[in-house]
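Structure first, commentary second.
Computation of the quantities below employed the complete heavy-atom set of this structure, encompassing side-chain atoms and omitting hydrogens, waters and symmetry-equivalent molecules. Every chain is numbered from 1 and lettered A, B, ... according to where its sequence line falls, protein lines coming before strand lines.
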Amino acid sequence: MPRRLFFGYLIVRTRFAPSPTGYLHVGGARTALFCYLEARARNGVFILRIEDTDLERSTPESVQAILDGMEWLGLDYDEGPFYQTQRFDRYADVVQQLLDDGRAYHCYCSKERIEGIREEQMKAGLKPRYDGHCRDGAEAVAGVKPVVRFRNPHQGDVVFDDLVRGRISISNTELDDLVIARPDGSPTYNFTVVVDDMDMKVSLVIRGDDHINNTPRQINIYQALGAELPDFAHVPMILGDDGARLSKRHGAVGVLQYREDGYLPQALLNYLVRLGWSHGDQEVFSLQEMIELFDIRQVNRKASAFSTDKLDWLNQHYMKTLPPAEVAEHLVWYFEKAGINPEKGPSLADLVSVQADRVKTLREMTDQSRVFYEDIGDFDAGAAKKHLRPVAEQPLRAIGNRLADLEIWEPERLDQVVRITAEELEVGMGKIAQPLRVALTGTAISPSIDKTLWLVGRERSLARISRALEYVMARAAAV
RNA sequence: GCUCCCUUCGUCUAGCGGUCAGGACGCGGCCCUCUCAAGGCUGAAACACGAGUUCGAUUCUCGUAGGGAGCGCCA
């Protein structure tokens with residue numbers, strides 16, 4: 001139970017603490033979402049902390065990618081971003097405090113020695129551990145700057161009740177004296193996490209389950225510091241479509257890549273929240289519903305595979321059900337990237353209303369909507385061969401004439417005109433719609449013919465029909 | 001090797017001792033139809049295995065197998 005008292009209120013404080021060594025991947029995004037949801041559900045505080053103590057691998061680009069990813073998803077935080085690199089003085093103070101209290105000690109062992117015992121232990125079938133050589137006082141070695149090791153208890157078990165895994169227990173004999181500060185004084189991960197979570201009064205630590213094994217040693221540090229323990233919730237990781245660990249070869253793994261690929265943030269969020277968690281048979285959740293219904297305690301313990309197919313379905317669901325104008329706002333970004341001027345055709349909201357149930361992503365929608373905004377090039381060879389044959393001349397001419405007289409250019413009227421023309425010529429709809437479709441779009445695939453006409457617009461439609469007629473006649477003449 | 005963790009349709013999951021093991025994605029069929037979709041109806045598809053406990057186990061216990069993570073002066 002998150003319990004931290006502030007001004008008489010019980011308040012939850014969660015944090016998302018990525019290290020900026022790459023993009024914000026979907027696993028991290030889900031962890032962030034869970035943190036966000038837990039905080040929002042209880043009027044708590046969500047903190048963002050950048051764990052950039054690894055100067056070698058951390059980059060400003062990655063920091064930006066994380067920030068951008070959070071923003072795109074709409075996961076706004078209340079405090080931070082805090083950067084660990086700006087807290088080195090604080091860590092140094094705490095290290096000194098531990099040293100003064102005898103809870104930590106200097107270790108002069110060489111890396112070579114450590115590696116040597118590690119190998120021996122592995123060979124002997126043991127778990128490699130520091131042997132405590134310097135634990136009871138070591139001679140300073142000339143010219144060697146010592147590391148600082150945490151004095152881990154030798155006795156007892158560390159037991160904690162993980163909110164998703166249940167009770168986890170590990171014997172202190174399995175743990176060793178971990179390094180908390182390097183020779184240059186820089187702090188290490190397991191130590192900074194504890195100091196930060198303590199200082200930031202984090203009451204609920206939600207993180208990937210690859211940290212389960214770190215938790216007991218962190219708990220020992222908390223105790224050495226006399227700090228109150230937070231609750232822990234370790235969520236399983238996300239695997240690729242094939243069940244293997246997520247990696248570059250699975251395509252999109254960075255959250256922003258999903259934007260590039262045409263997914264709505266709502267869709268990704270909805271997909272992510274359902275990965276490892278459910279609420280009965282419900283599949284679709286608005287952000288508000290997620291906040292109300294989500295409970296970290298109900299999260300699964302097993303790793304789950306990411307299904308792009310299901311994400312696609314959700315994405316289309318949102319494109320179909322969100323107000324077209326709202327989807328259109330997202331679509332602008334793709335039009336810009338594709339170099340299409342949305343001013344040169346139908347309103348994007350109208351476009352969305354007809355294209356939404358025909359495509360899976362906004363990117364596809366963009367690609368397939370070019371014909372409504374720009375001139376079409378050559379007819380698709382196969383489509384033209386099949387539909388722009390001499391027999392198409394009469395239907396095209398007939399529909400062209402009727403359309404030229406049409407005053408109100410809207411789907412219902414357009415549909416009527418096409419039907420009437422077909423009846424008059426005593427042919428099926430296909431005989432007229434298909435040639436017309438190729439004339440209007442250059443291809444045999446497009447929205448229903450009335451909607452296609454509507455989107456292409458009056459002037460363009462008439463011009464394209466004339467052009468197709470010329471093509472048909474030229475072809476007839478050539479035979 | 002050692003420690004910790006995990007195991008229901010292909011995938012995401014419901015189940016919390018007695019269910020025809022439910023839903024969703026995907027897949028198949030039918031319907032609708034001017035193409036492609038979307039939609040409607042419908043079908044195939046799962047309790048890893050073995051012992052217990054119990055009148056009765058998917059559900060509880062213990063093993064086995066399989067999988068994952070950690071064992072850093074990385075985070």
Integer-rounded Å distance: [N] [atom2] and [X] [atom1]:
| X | N | atom1 | atom2 | result |
| --- | --- | --- | --- | --- |
| A:F232 | B:G70 | CZ | P | 18 Å |
| A:I219 | B:C4 | CD1 | P | 15 Å |
| A:Q282 | B:C12 | CD | C1' | 15 Å |
| A:N315 | B:C12 | CG | C1' | 17 Å |
| A:L126 | B:G70 | CG | P | 21 Å |
| A:E119 | B:C2 | CD | C1' | 17 Å |
| A:Y271 | B:U13 | OH | P | 8 Å |
| A:K123 | B:C2 | NZ | P | 17 Å |

Check your understanding: Around A:E426, counting heavy atoms of other residues, nucleotides and ligands shown, do more than 12 lie under 6.0 Å from its CD?
Key ->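 Counting neighbours around CD of A:E426, 12 or fewer heavy atoms of other residues, nucleotides or ligands fall under 6.0 Å, so no.
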To the side chain of [X], which of [options] is closest?
| X | options | result |
| --- | --- | --- |
| A:N300 | B:G70, B:U13, B:C71 | B:U13 |
| A:A305 | B:C12, B:C71, B:A75 | B:C12 |
| A:D281 | B:C5, B:U13, B:G22 | B:G22 |
| A:K302 | B:A75, B:G72, B:U13 | B:U13 |

Taking [M] as the reference, what is the distance to [N] when you measure between their [atom1] atoms (whole Å, please)?
| N | M | atom1 | answer |
| --- | --- | --- | --- |
| B:U35 | B:C31 | P | 14 Å |
| B:G50 | B:A65 | P | 15 Å |
| B:C62 | B:G72 | P | 30 Å |
| B:A46 | B:C36 | C1' | 34 Å |
| B:G22 | B:U8 | C1' | 12 Å |

Using a heavy-atom cut-off of 4.0 Å across all strands, would you classify [X] as base, sugar-phosphate, or nothing?
| X | value |
| --- | --- |
| A:R57 | base |
| A:V147 | base |
| A:E51 | sugar-phosphate |
| A:H234 | nothing |
| A:T192 | nothing |
| A:N214 | base |
| A:Q316 | sugar-phosphate |
| A:R165 | sugar-phosphate |

Do [X] and [Y] sit within salt-bridge range, that is, some charged N less than 4.0 Å from a carboxylate O?
| X | Y | answer |
| --- | --- | --- |
| A:D184 | A:K145 | no |
| A:R57 | A:D54 | yes |
| A:D177 | A:R135 | yes |
| A:R87 | A:D199 | yes |
| A:D450 | A:R413 | no |
| A:R49 | A:D197 | yes |

Revision key, fill the gap. Nucleotide by nucleotide, nucleotides 40-49 of chain B touches protein heavy atoms under 4.0 Å in the pattern (B base, S sugar-phosphate only, - none) ----------
Check your understanding: Reading nucleotides 25-36 of chain B from the 5' end, what letters show protein touch, with B for base, S for backbone sugar-phosphate only, - for no heavy atom under 4.0 Å?
Key -> SS-------BBB
Review point. In a check of side chain to side chain donor-acceptor pair (under 3.5 Å) between A:D131 and each of A:Q121, A:R118, A:R113, which one passes?
Key: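 So the option named by the test is A:R113.
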Point to revise | N or O in side chain of A:S278 less than 4.0 angstrom from B:A14 OP1/OP2 | key: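 Checking A:S278 against B:A14: at least one side-chain N or O falls below 4.0 Å of OP1 or OP2.
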Point to revise | B:U13 OP1/OP2 closer than 4.0 Å to side-chain N/O of A:R274 | key: no
Point to revise | Atom pair NZ/CG of A:K360 and A:D261 - distance to nearest 0.5 Å | key: 15.0 Å
Exercise for review: Take A:E51 and A:T192, measure what side-chain hydrogen bond (donor to acceptor under 3.5 Å, both in side chains) needs, and give me the verdict at the end.
Suggested key: CA-CA 9 Å; A:E51 310 218 316; A:T192 57; 5.4 Å; no
Check your understanding: Taking only residues two or more places apart in sequence, or in another chain, which ones meet A:R149 in a side-chain hydrogen bond (donor to acceptor under 3.5 Å, both in side chains)?
Key ->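 Once residues adjacent in sequence are excluded, A:R149 has no partner under the side-chain hydrogen bond (donor to acceptor under 3.5 Å, both in side chains) criterion.
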